[in-house]
Amino acid sequence: MENLIKPILVTGGLGLLFGVLLSIASKVFAVVIDPKIGAVLDALPGANCGACGFPGCEGLATAIAEGRAPVNACPIGGQKVADNVADIMGLQGANVERNVAAVLCQGDNEKANIKYKYEGINDCRIQMQVSDGCKSCTYGCLGCGTCFNVCPFDAIEMVNGVAVIKKDKCTACMKCIDICPKKIIELVPYDNKYVVKCKSEDPGKVVRANCSIGCIGCKICVKNCPVDAFTFENNLAKIDYEKCINCGICAEKCPTKCITIHENKAVVEV
Amino acid sequence: MNLFTILISTIFVNNYVFARFLGICPFFGVSTKMETATGMGIAVTFVITISSILTWAIDKYILTLLGVEYLQTIIFILVIASLVQFVELVIRKISPTLYSAMGVFLPLITTNCIVLGVAILNVKQGNSLLQTITTGVGASLGFFLALILLSGVREKLELADVPKALEGFPIAVIAAGLMSMAFLGFNGLV
């Protein structure tokens, strides 16, 4: 009988002892954690994409709860998440301007000329190393789909050798912007319809020789814009999105049609 | 065995990872980056040292006295698990910085077989308290060394041109195997 009771007592006794010690320790060494952190974390999308610049959603939740980040700091959550977070933090919802990425090049396989035929590893960053890529225009999209591969939201498609952003799927996580070796992907406001889809700073003559849909620097858009939303720098027209009223006159007048509607192409095609 | 011999033996000759093949799971799990490897190494060193002292005392003053040495394994697991919990609580309170560096790895150590292995081998060999502590420190330093070495190699491998089939984990296993063979060279040192 003793052989049976002894191990039970020893194991049970030690277990009880450690249990009591741990529960005391958990009271003595209790750390007060702000309950807001958990609530904010629940409200965030939880994708841990890092687009906000903090280490994961938990990092952002801590920062918001401590007041180090604004309630609308989550770029992919948009207005809905910002409102929820603002509720938790007891603030009035801050307006979030939704941005989407836009590929500022339309020089596809027909419209843009090429210097040589590239047959190598299918990655724009590698093609860049072979005399700045195969396109005659040094600013043009190389069309290898490096941005397509990096997009976590399936918001990019490759159409005839040019990357096209599906506006509604884009969450402005900036992954494509960071990876594009040509730096031709930029954020534009979601509500803005018209975008100058060309980045070429070459003089008009050179642009015309390289591509049929580039900005040739004719300044017709600048002259015709009713609200003076255009600026002209380095042979390239640029829209001030704050001033733009989406009237569409520029796109109508543009001789090369490089000013165009930035929209959800995939939806239009379906 | 004098203490110095024990130290050299546990770090190099009978390295717990390379010669005894204990603690392989955390060895591969957290050796992808030097930073996490260091965190894990420090946490393991800390836990093994304390747990070997505690298990030694419990074995000597409770289990042996009552004649229930056969309960060693289960009691040691209990001790280690409680200890890890306790250490986690204390660190979180005392040093949040250390906690965020080491905190994630602490629960993992509960199931790290090196900790149990050291505790049981100590008792089996009938070590004195000083010998026990030295074994504990040596074993954890050996693990630390193995972790740092592998993570250094893996960081380099990240940039190397590895055949597609071997990318990631497989090449790490090969590297670890080669290291284990290299550590055989220490045989006969003690």
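Chain letters run A, B, ... following the sequence lines, proteins first, then strands; residues in each count from 1.
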Visitor: Find the one option among B/Leu83, B/Val79, B/Ile74, B/Ile58 whose heavy-atom pairs under 4.5 Å with chain A are most numerous.
Guide: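 Highest number of heavy-atom pairs under 4.5 Å: B/Val79.
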Visitor: Measure B/Val90 against the heavy atoms of chain A and call it side chain, backbone, both or neither at under 4.5 Å.
Guide: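 Answer is both: backbone and side chain atoms of B/Val90 are under 4.5 Å from chain A.
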Visitor: Sequence neighbours excluded, which residues qualify as side chain to side chain donor-acceptor pair (under 3.5 Å) partners of A/Gln127?
Guide: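 If we apply the side chain to side chain donor-acceptor pair (under 3.5 Å) test to A/Gln127, skipping adjacent residues, there are no hits.
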Visitor: Name the option with the most non-hydrogen atom pairs under 4.5 Å to chain B; the candidates are A/Ala30, A/Ala25, A/Pro7.
Guide: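 Going by pairs under 4.5 Å, I would pick A/Pro7.
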Visitor: Heavy-atom distances under 4.5 Å only: say whether B/Leu66 touches chain A with side chain, backbone, both or neither.
Guide: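 Contact with chain A involves both backbone and side-chain atoms of B/Leu66.
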Visitor: For a quick test of reading the model, state the closest non-hydrogen atom pair linking A/Phe29 to B/Leu89 and the distance between them.
Guide: CB-O, 3.8 Å
Visitor: With sequence neighbours excluded, what pairs up with B/Val153 under the side chain to side chain contact (heavy atoms under 4.5 Å, CB included) test?
Guide: B/Leu157, B/Ala175, B/Met179
Visitor: For the CD1 atom of B/Ile80 and the CZ atom of A/Phe18, what is their distance to the nearest 0.5 Å?
Guide: 10.5 Å
Visitor: What ring pair (Phe, Tyr, Trp, His ring centres under 6.0 Å) pairs are there with at least one residue in residues 156-190 of chain B, not counting sequence neighbours?
Guide: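 Only B/Phe12-B/Phe186, B/Phe18-B/Phe183, B/Phe28-B/Phe169, B/Phe183-B/Phe186 qualify under ring pair (Phe, Tyr, Trp, His ring centres under 6.0 Å).
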Visitor: Please walk me through it: do B/Phe86 and A/Leu22 pass side chain to side chain contact (heavy atoms under 4.5 Å, CB included)?
Guide: CA-CA 6 Å; B/Phe86 182 75; A/Leu22 276 182; 3.8 Å; yes
Visitor: Less than 3.5 Å apart and able to act as donor and acceptor by atom type: which atom pairs between chain A and chain B qualify?
Guide:
from, atom 1, to, atom 2, distance (Å)
A/Lys6, NZ, B/Leu66, O, 2.7
A/Ala30, O, B/Lys93, NZ, 3.2

Visitor: Looking at A/Ile121, I'd like to know if its CD1 atom is crowded, meaning that more than 12 non-hydrogen atoms belonging to other residues, nucleotides or ligands lie closer than 6.0 Å.
Guide: no
